[in-house]
Amino acid sequence: MKKLNGLKKIKTAVFISGQGTNLNSLIKFSKNKNSPIVIVKVISDNIKSYGLNYAEKYNIDKKIFNFKNKTLAEKKVLKLLQINKISLICLAGFMKILSKKFIKSFKGKVINIHPSLLPKYKGLNTHERVIKNNEKYSGCTVHYVSEKLDSGKVIMQKKVKVLKNDTVYSLKKRILKNEHRLYPAAIKKIYN
Ligand code: GRF
């Protein structure tokens, strides 16, 4: 385990697929003196993921895995995580569903951020559905990953008001800003 400022930091891997703005906020958070985590690996299933640039910028080792053969990819990822003594996985816009076997072998150590107030609006296209249903509120949730999609125990949530003129884009943008604060806060809650 890495020792910083006399504290043992939790070795963390962040899994991404896309733009990686949550990864960016987690990296910044991890640089704080009082952060309980240190990010040692960034894992992506997509070579074109913009988020990989953040790994590069902050000199964090990044690895890309082809999930076409999911069983094989997971096997390789698991090995990498074990070798590097990773004890927390943060899913941050990771678009592949991890197998039950994988989640079991990392039980209680995989967390995710989802752009809705779970248990409402599990799955994809949350903002579209929220707007279509004229919801007054939406938000974001950090939760433990269980074997059922978007169904594990909630760690923290942030409620966000849906405005009258909101589009999918404007709502997504506002919720994303909140996500960037919520993910670090949820990690603090777990370890402090
Ligand atoms: C976020 O809205 C997150 O809640 C969801 O996917 C999006 C990822 O955004 N799971 P980013 O790649 O972190 O910018």
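Numbering of ligands and ligand atoms starts at 1, following listing order.
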In a check of side chain to side chain contact (heavy atoms under 4.5 Å, CB included) between H114 and each of V142, L149, T126, which one passes?
T126
Is there side-chain contact between M95 and L124, with heavy atoms separated by less than 4.5 Å?
yes
Hey, is NZ on K96 packed in by over 12 heavy atoms from elsewhere, all under 6.0 Å?
yes
Assess, by modelled atom type and distance only, whether the side chains of K122 and S151 contain a donor and an acceptor separated by less than 3.5 Å.
yes
Near ligand 1, which residues have a heavy atom under 4.0 Å away from one of its atoms?
Q19, G20, T21, N22, G93, I113, H114, P115, L176, E179
N22 versus H180: any side-chain heavy-atom pair under 4.5 Å?
yes
Mind checking whether Y54 and Y50 have parallel, tilted or perpendicular rings, split at 30° and 60°?
perpendicular
